[in-house]
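Along the sequence shown, residues are numbered consecutively beginning with 1. Below, each value reflects all heavy atoms present in this structure, side chains not excepted, and no hydrogens, waters or symmetry copies. In this text, all values refer to a predicted model and were calculated from it rather than measured experimentally.
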Amino acid sequence: MHTISAVKKTHIALDDKTRELIALAVTVVTQCEACMSAHVIAAHKAGASAREVSEALSVAISLKAGSAWANSVKILEAFEALDPNQQAAS
């Protein structure tokens, strides 16, 4: 059985800096403030630059915006299904 602590000890493919950049992007999407603080410190200790952090965060922003757009389409379709005579402006 794999546990998180066991997986953590077997990091091979990604270095600490890359893992922390991913973690920062994830914390932005999950909105975990305590996680953000912890991973900012860890990313800095792992040698991440402000430019690398910014790029990782831009990926998170793009993905979050994409999901907001996709969910907006679903809402508009659901609303239109309730009243087919009323359509949102496109």
Side-chain angles (χ1 to χ4, degrees):
M1 181 170 141
H2 294 287
T3 64
I4 291 176
S5 59
V7 171
K8 188 174 181 179
K9 293 176 186 174
T10 62
H11 290 168
I12 297 170
L14 300 176
D15 61 24
D16 289 341
K17 180 172 75 171
T18 302
R19 276 193 303 283
E20 289 305 327
L21 291 169
I22 293 169
L24 284 173
V26 171
T27 63
V28 167
V29 174
T30 61
Q31 301 175 0
C32 175
E33 289 190 31
C35 301
M36 288 180 209
S37 297
H39 289 292
V40 163
I41 293 167
H44 185 265
K45 284 182 181 177
S49 68
R51 188 171 181 175
E52 290 169 323
V53 169
S54 180
E55 186 170 342
L57 297 177
S58 72
V59 172
I61 292 166
S62 297
L63 290 171
K64 189 66 172 178
S67 67
W69 176 81
N71 288 325
S72 296
V73 170
K74 290 179 184 178
I75 289 171
L76 291 171
E77 289 173 345
F79 190 82
E80 187 178 306
L82 295 173
D83 187 357
N85 296 320
Q86 186 175 345
Q87 293 185 351
S90 13

Without swapping roles, check the side chain of S54 against the backbone of R51 for a donor-acceptor pair under 3.5 Å.
-> no
Side-chain heavy-atom pair E52, S49 within 4.5 angstrom cut-off = yes
CD of E77 to CG of L82, rounded to nearest 0.5 Å, is 12.5 Å
In short, side chain to side chain donor-acceptor pair (under 3.5 Å) pairs touching residues 24-42 with sequence neighbours left out are E20-H39
Spacing of K45 atom NZ and D16 atom CG [to the nearest 0.5 Å] | 11.5 Å
How about V40 and V53: do any of their side-chain heavy atoms sit closer than 4.5 Å?
-> no
When clusters are formed by joining ILVMFWY residues with side-chain heavy atoms under 4.5 Å apart, either directly or through shared neighbours, do I61 and I22 land in the same one?
-> no
Decide yes or no for V28 and L24: does some side-chain heavy atom of the first lie under 4.5 Å from some side-chain heavy atom of the second?
-> no
Over all heavy atoms of both residues, which pair between A60 and A25 is shortest? Give the atoms and the distance, please.
-> CB-O, 3.4 Å
